[in-house]
Amino acid sequence: MIWNKERECMSRQELRELQSKKLVRMVEHVYNNSPFYRARFDAHGVHPSDIRSIDDITKLPFTVKKDLRDNYPFGMMSVPMSDIIRLHASSGTTGKPIVVGYTQQDLSNWEECVARCLTAYGFSKNDIIQVSYGYGLFTGGLGAHAGVQKIGATVVPMSSGNTQKQIQIMQDFGVTGLCCTPSYALFIAEEIAKAGIDVNKDLKLKIGVFGAEPWTNSMRQELQNKLGIKAYDIYGLTEISGPGVGGECECQNGTHIWEDFFYPEIVNPDTLEPVEPGQVGELVFTTLDKWGMPMIRYRTRDLTSLNYEQCECGRTMVRMSKILGRSDDMLIIRGVNVFPSQIESILLEFKQFQPYFLIEVDRIDNTDTFDIHVELMPDAYSDQISVYMEYTKALSSRIQSVVGIRPSIKIAEPGSIERSTGKAKRAIDHRIFK
Ligand code: ADP
Ligand code: ZN
């Protein structure tokens, strides 16, 4: 099903016209109402009269996270605070939080975006959806919550944590959909299995809505198998509104970005020039219909690529490939770029290991160390040390062949690697303190 066919399936030509109209309006709004953007545009030598269509977007300066931090808390608002009816802040994965303010219109547009995602996953008013993203300043909980209500489904506002209760409610209420981070979903799945609950017989769960952190297609398979569901991606970031900037459709073949609200570009993070179509680069967004705190050419630091071919589902909106990671998450170890998401998909190939890991990097005697802590599956335990050595050797060789450097695999005590109820911490880099 499609929530808003008129928009989601509009012709690319009509879409560009709409984007042009909205961009002109947005640029005027920020120039007239935000001292930050006015100064930025003036310094860049660009005036709203230079922006006549969406093609002129590249004339505008970029905005970065530091701008939001420097203007903490309310310096980026483009309406009087009396028109702001909600505040959220980023979870601070990468430093001091940033604050975002929403007008009534902004919240209603955000809801519309989440409603589009939920409908694309196959939900309708007949569903009971458990929102296990954290509620509060983090956008995940309340963002998903509003979308569930918008499509008329029943929302169960669990927030994150208290996993036993999550499972109990899921069972008692006949929950059909679960929204949380993929790492929390994995933990919930582990606890369900431990409790001896049969996901197909004892639960009504059919759809998972996972996002807020990078996850791979291998993780999708793992979650689908363990929970007996279809698992879909939801993407978003606080600065651009929150979850629902884009979502997958039934084809599970790319995350549709709601381009009538958010204009995406992919640039080379070093030169800031557009990359060739289909190439991986840094995702940049301009909000086209967000009034409280618009973002002009905001550099997300997320690395991905865009596919403009029309999707089989009938939606014309661009599809984004799975996020490789943020450029901030990338570890450079002995000169080699390593993303935690690469380790995730390799680890999932090995049935002897649990799907949890922690990368630990240090620098000893001027050489980078690269350790990966993993746990064995209960049935992989053995009295013979040679068996472990075989497993760890196989894993480190496989990682070396994909990533380019060889990690040292450390077997951790069962259950000792943190099971996250929100965004998982995948790496510790001790070098930053040296
Ligand atoms: P913080 O920056 O503190 O983590 P946010 O909650 O706003 O705050 O996080 C947004 C970021 O989370 C995105 O920029 C992206 O890196 C990551 N993210 C969100 N959804 C997804 C997703 N579906 N796939 C991969 N990464 C995601
Ligand atoms: Zn599609």
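Every heavy atom of this structure was used, including side-chain atoms; hydrogens, water molecules and symmetry mates were not. Start at 1 and go down the list; that is how both ligands and their atoms are numbered. Sequential numbering from 1 along the given sequence is applied to the chain's residues.
- Near Gly236, with a cut-off below 4.0 Å to any heavy atom, the atoms of ligand 1 are 10 (C), 13 (C), 19 (C), 20 (N).
- Comparing Asp302, Thr304, Thr238, Leu137 against atom 15 (C) of ligand 1, the shortest heavy-atom distance belongs to Asp302.
- Between Tyr184 and Thr163, the side chains place a donor N or O and an acceptor N or O closer than 3.5 Å (distance only, hydrogens not considered).
- Ring geometry for Tyr232 versus Tyr121: interplanar angle under 30°, hence parallel rather than tilted (30 to 60°).
- Judged by distance alone, the side chains of Ser327 and Glu282 never bring a donor and an acceptor atom under 3.5 Å apart.
- With ligand atoms numbered from 1 in the order given, ligand 1 contributes 6 (O) to contacts under 4.0 Å with heavy atoms of Phe138.
- Under the 30°/60° scheme for interplanar angles, the aromatic rings of Tyr31 and Phe41 are found to lie parallel.
- Sorting the N, O or S atoms of His256 by how far they are from the Zn ion (ligand 2) puts NE2 first.
- Inspection of the Gln105 and Asn109 side chains reveals an N or O donor paired with an N or O acceptor under 3.5 Å.
- For ligand 1, the atoms sitting less than 4.0 Å from at least one non-hydrogen atom of Lys65 are 2 (O), numbered in the order shown with element in parentheses.
- Among Met320, His88, Lys423, Lys322, the residue whose heavy atom sits closest to atom 12 (O) of ligand 1 is Lys423.
- Atom numbering of ligand 1 starts at 1 in the shown order; those under 4.0 Å from a heavy atom of Gly211 are 23 (N).
- Those atoms of ligand 1 with a heavy atom of Asp233 less than 4.0 angstrom away are 22 (C), 23 (N), 24 (N).
- In terms of polar-atom proximity, defined here as any N/O pair under 3.5 Å, Arg326 does make such a contact with ligand 1.
- Taking any N or O of Ile234, backbone or side chain, at least one lies under 3.5 Å from an N or O belonging to ligand 1.
- Taking every non-hydrogen atom of Ile323 and a distance limit under 4.0 Å, the qualifying atoms of ligand 1 come out as 24 (N), 25 (C).
- Checked against a 3.5 angstrom limit, the closest N/O atoms of Ala212 and ligand 1 fall inside it.
- Distances shorter than 4.0 angstrom do not occur between any heavy atom of Arg301 and any atom of ligand 1.
- Arg7 is listed as a side-chain neighbour of Arg116, based on a closest heavy-atom distance under 4.5 Å.
- By the 4.0 Å N-to-carboxylate-O rule, Lys425 lies too far from Glu418 to be salt-bridged with it.
- Checking Thr63 against Arg297 by side-chain atom types alone, no donor-acceptor pair falls below 3.5 Å.
- Draw a line from the Zn ion (ligand 2) to SG of Cys313 and another to SG of Cys249, and the angle between them is 110° (to 10°).
- His29 and Trp291 have perpendicular rings, their planes meeting at more than 60° on a 0 to 90° scale where under 30° would count as parallel.
- Salt-bridge formation is detected for the pair Asp67/Arg40: a Lys NZ or Arg NE/NH1/NH2 atom is positioned less than 4.0 Å from an Asp or Glu carboxylate oxygen.
- Counting heavy atoms closer than 4.0 Å to ligand 1, residue Leu237 contributes atoms from both its backbone and its side chain.
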